[in-house]
Amino acid sequence: MTPVRATTDLAGLLRTRRSPRRMLDGAPDDAELERLLALAMNVPDHGRLRPWRMLVLRGTARDDLGAALAEASGDPRQAAKALRAPLLVAVVLRPSQHPKVPEWEQLATAVAVTTAFGLLLHDQGWGSVWRTGPHLEAAPVRAALRLADGERLLGFLYTGRPAPDEGGPRPQYDAAPHLSVLAPAAARPLPVGGTDR
Ligand SMILES: Cc1cc2nc3c(=O)[nH]c(=O)nc-3n(C[C@H](O)[C@H](O)[C@H](O)COP(=O)(O)O)c2cc1C
């Protein structure tokens, strides 16, 4: 089979993606989010369980989250945290019991979708920052997002138009310490007087 060549410069996307600290007004609309998410869903997904959902918060819906963050932390200043971008996409894991797909694999798929989604947003010129913070599990936050029992909040993609001064060049990373080659067991020297069996 002839491999299908990618049409997008994935290496360039990975090299230039940054998490902008500052965002300006303007954000993808729901139709664009749906189109990008349909692409992000192409990541590996054991059993095709689709064990996740995304929840869009715009405008005053962010105030509801802000109020919940303030209540959870006991600090009214936390309310402003939800306003750091015009659009927040809450990432929700909805794991199910499956004989062959443990929960960690379902989490892996949700993380992969979120990562791909962030790259696709970047591909369209939008900035996004994956943020969690200490209050994801707090009851007021769960209530504000109307999470069902068993659902788990994995954080928010803070999304918007990146400020022009954001996105400087990345350092050149060194992958060598993270990459090694396993020598075949047969190539290992046998202990003196040892046998193969
Ligand atoms: C699951 C997850 C949760 C994160 N939570 C936070 C957070 O709460 N606050 C924060 O400043 N960065 C958080 N980050 C890191 C940022 O998303 C970002 O990757 C980091 O600031 C590095 O910037 P860069 O993406 O441009 O390399 C989180 C990343 C991941 C993957």
Side-chain angles (χ1 to χ4, degrees), residues 8-24 27-28 33 36-37 40-41 43-45 50-57 62 64-95 102-142 144-145 147 151-178:
T8 302
D9 174 16
L10 180 59
L13 276 181
L14 285 164
R15 219 178 285 118
T16 55
R17 186 204 61 83
R18 295 313 306 251
S19 297
R21 300 290 115 185
R22 221 160 55 79
M23 268 183 253
L24 309 175
L33 290 178
L36 298 179
L37 197 52
M41 288 173 71
V43 299
D45 182 346
R50 314 287 187 223
W52 51 269
R53 68 186 178 96
M54 305 270 175
L55 178 64
V56 173
L57 286 80
R62 297 171 308 157
D64 298 342
L65 173 65
L69 290 172
E71 188 185 342
S73 62
D75 178 0
R77 287 171 305 178
Q78 290 288 319
K81 296 239 167 181
L83 304 176
R84 287 178 290 182
L87 163 69
L88 274 63
V89 181
V91 181
V92 180
L93 177 69
R94 6 173 33 189
E103 186 169 326
W104 80 262
E105 294 189 13
Q106 300 180 42
L107 173 64
T109 290
V111 170
V113 170
T114 307
T115 307
F117 196 37
L119 277 173
L120 287 159
L121 286 165
H122 171 51
D123 186 39
Q124 297 300 306
W126 302 113
S128 70
V129 186
W130 190 345
R131 284 198 170 100
T132 46
H135 306 298
L136 286 190
E137 314 275 350
V141 172
R142 294 187 62 86
L145 300 181
L147 298 188
E151 289 188 327
R152 185 171 158 201
L153 183 58
L154 300 183
F156 300 91
L157 281 183
Y158 283 71
T159 306
R161 196 153 53 87
D165 54 337
E166 297 281 346
R170 272 191 187 283
Q172 184 72 46
Y173 292 128
D174 178 13
H178 305 278

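Read the numbers this way: they start at 1 and go in the same order the structure lists the ligands and their atoms. Side chains included, hydrogens not; waters and symmetry mates left out as well; all remaining heavy atoms used. This is a predicted model, so every value here is computed, not measured.
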Checklist entry - Does the pair Glu151 and Arg53 meet the rule for a salt bridge (charged side-chain N to carboxylate O under 4.0 Å, His left out), with working shown? => result CA-CA 10 Å; Glu151 289 188 327; Arg53 68 186 178 96; 2.8 Å; yes
Next on the checklist: Counting non-hydrogen protein atoms only, what is the nearest one to atom 9 (N) of ligand 1? Give residue, atom name and distance.
Outcome noted: Arg131 CG, 4.0 Å
Next on the checklist: Measuring from non-hydrogen atoms of Arg21 to any atom of ligand 1, is the shortest distance under 4.0 Å?
Outcome noted: yes
Checklist entry - Are any of the N/O atoms in Thr132 less than 3.5 Å from those in ligand 1? => result yes
Next on the checklist: If the cut-off is 4.0 Å to any non-hydrogen atom of Arg17, which atoms of ligand 1 fall inside it?
Outcome noted: 24 (P), 25 (O), 27 (O)
Next on the checklist: With heavy-atom distances below 4.0 Å as the criterion, list the atoms of ligand 1 near Arg170.
Outcome noted: 24 (P), 25 (O), 26 (O), 27 (O)
Item to check | atom 18 (C) of ligand 1 - nearest protein heavy atom and its distance | outcome: Ser19 OG, 3.4 Å
Checklist entry - Any idea which heavy atoms bring Trp130 and Gly155 closest together, and the distance? => result NE1-CA, 4.0 Å
Item to check | Part of His122 with heavy atoms under 4.0 Å of ligand 1, whether side chain, backbone, both or neither | outcome: neither
Checklist entry - At what distance is the nearest protein heavy atom to atom 15 (C) of ligand 1, and which residue and atom is it? => result Trp130 O, 3.9 Å
Item to check | Heavy-atom pair of closest approach, residues Leu154 and Leu136 | outcome: C-CD1, 3.9 Å
Next on the checklist: I need the minimum non-hydrogen distance between His135 and Leu69, along with the two atoms involved.
Outcome noted: CB-CD2, 4.1 Å
Item to check | Nearest-0.5 Å distance that lies between atom CG in Leu57 and atom CG in Asp64 | outcome: 8.0 Å
Item to check | Residue pair Gly74 / Pro76: nearest heavy atoms and the distance that separates them | outcome: O-CD, 3.8 Å
Item to check | Sub-4.0 Å heavy-atom approach of Gly133 to ligand 1 | outcome: yes
Checklist outcome for this item: When every non-hydrogen atom of Leu157 is compared with those of Ser128, the smallest separation belongs to CD2-OG, 4.3 Å
